[in-house]
Participant: 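Input: one structure, supplied below.
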Amino acid sequence: MRLKAREQRSSEPWDQASENIHQAFSFVERVIDYPAILDELPDKAMLAGRDLIHRGHEFNLIAAREEGASEWVARPIRYTLTLDAPYLQRPLVEEPSGGADPVALTRLFSATAETADAAFDDLTALLRIAVDGALRDDGESVGHRS
Amino acid sequence: MPRVREREYVFALEEPDDRLRVQIATETGEVVAFLVQYETYLEGSFVPVSRYDSAHGVPHQDTLDRSNRVIRRRWLHGLDLKDALRLGDRDLRANWPDYKAEFFGVTP
């Protein structure tokens with residue numbers, strides 16, 4: 001059985017090359033699950049990946065630099081709620097079945113910068129604000145109902 | 001007849017001379033094949049060192065020499081695309097420096 005990446009990291013040497021290799025293979029896995037991701041990424045782009053977990057919302061981020069371009073555009077390409085999510089939490093974007101929509105977020109959030117790391121940092125800040133806002137809204141609406 | 005569409009991406013490793021090239025083939029919206037290839041810089045261009053590939057109908061790993069010849073092929077029978085990707089992830093993370101050393105040690 002496959003260990004989650006963060007569990008593997010606790011028991012293996014994990015340097016930048018390991019992270020980048022993991023991100024490349026994970027990217028292909030995510031595309032198998034949601035091929036529509038490819039429609040959001042320019043062909044022949046340079047890619048980089050990063051994971052973000054904030055208050056039980058887990059995002060897999062990809063930054064792309066189009067061939068000949070100087071800027072990186074970071075987007076979330078996968079989105080799930082973890083078991084650690086606060087009880088009241090709902091996904092930021094829901095599928096008709098009620099689950100977290102993994103692809104819709106790709107079109108809603110993006111950040112552009114001169115480096116992949118800077119684009120990731122900007123996108124991470126945006127997503128943290130969105131999660132915190134959703135949590136606050138959830139708390140207020142539940143409070144109102146009670 | 002459904003058309004196969006191929007896309008290609010590159011992930012850098014920590015060294016500027018090492019990278020992963022990713023190819024994904026889709027047909028009618030489904031992924032039908034992939035390639036994740038570790039490449040290193042040699043004499044002015046990037047060349048393949050080791051790759052996980054789903055061509056030929058069965059996922060496999062190829063190890064290559066400096067003449068671009070496959071010197072070792074490991075068939076991954078019984079593994080689906082995702083299982084092969086997870087194996088490749090673990091293997092390259094653990095062994096890419098060894099593959100590189102072997103690559104530069106092999107006499108073409």
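Lettering follows sequence order; numbering is per chain, from 1.
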Participant: Of all of B:Val22, B:Asp83, B:Thr26, B:Val36, which one pairs up most often with chain A through heavy atoms under 4.5 Å apart?
Facilitator: B:Val36

Participant: Answer yes or no: is there a side-chain heavy-atom contact under 4.5 Å between B:Leu13 and A:Ile21?
Facilitator: yes

Participant: Can you check whether B:Leu85 reaches A:Ile32 side chain to side chain, under 4.5 Å on heavy atoms?
Facilitator: yes

Participant: Find the one option among A:Val31, A:Leu38, A:Asp39 whose heavy-atom pairs under 4.5 Å with chain B are most numerous.
Facilitator: A:Leu38

Participant: Would a single hydrophobic cluster contain both B:Tyr38 and A:Leu47, if residues Ile, Leu, Val, Met, Phe, Trp and Tyr are joined by side-chain heavy-atom contacts under 4.5 Å?
Facilitator: yes

Participant: I'd like to verify something: which residue of B:Asp18, B:Val10, B:Val31, B:Leu81 has the highest number of heavy-atom pairs under 4.5 Å with chain A?
Facilitator: B:Val10

Participant: Do the side chains of B:Arg86 and A:Glu29 get nearer than 4.5 Å, heavy atoms only?
Facilitator: yes

Participant: Among B:Glu8, B:Arg5, B:Gln23, which residue forms the greatest number of heavy-atom pairs with chain A at distances under 4.5 Å?
Facilitator: B:Glu8

Participant: I need the B:Phe11 CZ to A:Phe25 CZ distance, nearest 0.5 Å.
Facilitator: 10.5 Å

Participant: What distance do A:Ile37 atom CD1 and B:Ile24 atom CD1 have between them, rounded to the nearest 0.5 Å?
Facilitator: 9.0 Å

Participant: Can you hop from A:Leu81 to A:Leu61 via hydrophobic side chains spaced under 4.5 Å?
Facilitator: yes

Participant: Mind checking what makes side chain to side chain contact (heavy atoms under 4.5 Å, CB included) contact with A:Glu114, not counting sequence neighbours?
Facilitator: none

Participant: Is A:Ala48 in contact with chain B via its backbone, its side chain, both, or neither, using a 4.5 Å heavy-atom distance?
Facilitator: backbone

Participant: Starting from A:Ile62, can I reach A:Met46 by hopping between I/L/V/M/F/W/Y residues whose side chains sit under 4.5 Å apart?
Facilitator: no

Participant: Please name the pair of heavy atoms, one in A:Pro35 and one in B:Gly29, separated by the smallest distance, quoted to 0.1 Å.
Facilitator: CG-O, 3.0 Å

Participant: Consider only side-chain heavy atoms of I, L, V, M, F, W and Y, link residues closer than 4.5 Å, and tell whether B:Trp75 and B:Leu35 are in one cluster.
Facilitator: no

Participant: Testing the basics here: between A:Asp43 and B:Tyr9, what is the closest heavy-atom pair and its distance to 0.1 Å?
Facilitator: CA-CE2, 4.2 Å

Participant: Is there a path of hydrophobic side-chain contacts, each under 4.5 Å between heavy atoms of I, L, V, M, F, W or Y residues, that connects B:Leu92 with B:Val47?
Facilitator: yes

